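Below is one structure; the comments refer to it alone.
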Amino acid sequence: MPAHPGPQRPDDSARRRGRLRPAAAAGSGIHKPLPPGLFNIRGTNAETVPATLRHTGYHTPNDRFFVRNHTTTPRLSAANWHLTVWGDGLRGAPVRFSYAQLLALPAVTRAACLECAGNGRSYFTSQQGDDVTGTPWTLGAVGAARWRGARLADVLRLAGIRPEAVDVMPRGLDDPYVDDGVDYGRVRRPMPAAKALDDVILAYEMNGEPLPYDHGYPVRVIAPSWVGVASTKWVGDIEVSDRPLSSPWTTEFYRLFGPDHPPGGAPMTVLPVRSAWELDAGTALSARVTHRLTGRSWSGGGGVARVDVSTDGGVRWSAARLLDEGCGDGWVRWETEWRPGAKGPAELLARATDTAGRTQPDRSVPNTQGYFFDAVVRCPVTVV
Ligand SMILES: Nc1nc2c(c(=O)[nH]1)N[C@H]1C(S)=C(S)[C@@H](COP(=O)(O)O)O[C@H]1N2
Ligand SMILES: [Mo]
């Protein structure tokens, strides 16, 4: 039985620079080190500082990948782990899979973005003046990784899924989520059987390593192109049902409420189009020097087809140079050159369009919990 490689070590360069303060993660419930400068710690969550991706390749290194935890990271053992598939959508009794049995199934590898539906939430307030609740992410609640694992479809078929099954609900082994005195139970969210049988993975590897504890060790769900909450970490059981299922994560959280949405709220599945500059807000850039500026764009609705950038606050736009092919569930890196003239404050904008024809709007449709901020984000810089 493959054992966990032990505590994850931060990369050496960060340690040499003396930037690590292990205590930074204290109280967050997150296991890996969260060096200031690489992460913004937000309660039980940690956001990747988007500017730091400039120094990474296409895939987000595991030690920089954002963490979104409802409670705390459990440290499970693969040897004691098993997955129980159960419910009236199966032909027979519950079926159990061990870690070794899962590893023995045909493996698939898929490069896919994983993103929290609330990514970009802080801009509802700072750019639009909207009142929203939830973690005030900037744009770092997203990453791209190579996920390797078994197809959920294979596991469901081995468990005897019936053609009448309509919903499939994975549940995590982390502690029940309690908020304001209400116990919502363990994190779980149904998805249609059609999605579960399509492209969903039961992943045990992330970027060629066993899943880190914080990202779901030993096994997590990866539901490509869907809201991050569909990608259940530390999965322990999966209910298969011949009737529609619900959970607080479809009826209360991760649902769009507000005057611009239907009275009962709108469900959330596929992620929107978004873009981020790999630049800290407020960066100082020298005048009359040509700067190579970079960023990334991604979409749940297919690849990114084009990215337009503006360095004058949105008056003039030009196409950025795409450095990757905008395929399926990944992102594209892009670059542009800018030679600022006048000194003073300036705003950089990036607007992506995906292969489905969706373009980032100037304003996002508000919702009470601040999900799906997809508008063009204004990145302030100072020319000096
Ligand atoms: N069991 C469990 N699964 C979970 C969560 C959680 O708190 N518990 N958070 C979800 C949310 S909201 C997101 S955005 C992703 C984050 O995955 P990551 O922490 O690996 O980046 O995991 C999802 N899966
Ligand atoms: Mo999320």
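Whatever order the structure lists them in is the order used to number ligands and atoms, beginning at 1. Everything quoted here is computed from the prediction, not taken from an experiment.
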With sequence neighbours excluded, give me every ring-ring contact (aromatic ring centres under 6.0 Å, His included) pair touching residues 184-208. Y177-Y184, Y184-F253

Does D308 come within less than 4.0 Å of R351, counting only side-chain N to carboxylate O? no

For R162, is there an ion pair with D88 - N to carboxylate O distance below 4.0 angstrom? no

Let me know which protein residues bring a heavy atom to under 4.0 Å of ligand 1; chain then number is fine for ordering. F65, F66, V67, R68, N69, H70, L114, C116, G172, D174, V187, H215, R220, G228, V229, S231, T232, K233, W234, Y254

For V273, enumerate each residue passing the side-chain contact (heavy atoms from CB on, under 4.5 Å) test, keeping only those at least two apart in sequence or located in another chain. S299, A352, D354, R358, Q360

Should R148 and E205 count as an ion pair when the cut-off is N to O under 4.0 Å? yes

Please name all residues satisfying side-chain hydrogen bond (donor to acceptor under 3.5 Å, both in side chains) with R321, sequence neighbours left out, ordered by chain then number. E335, E337

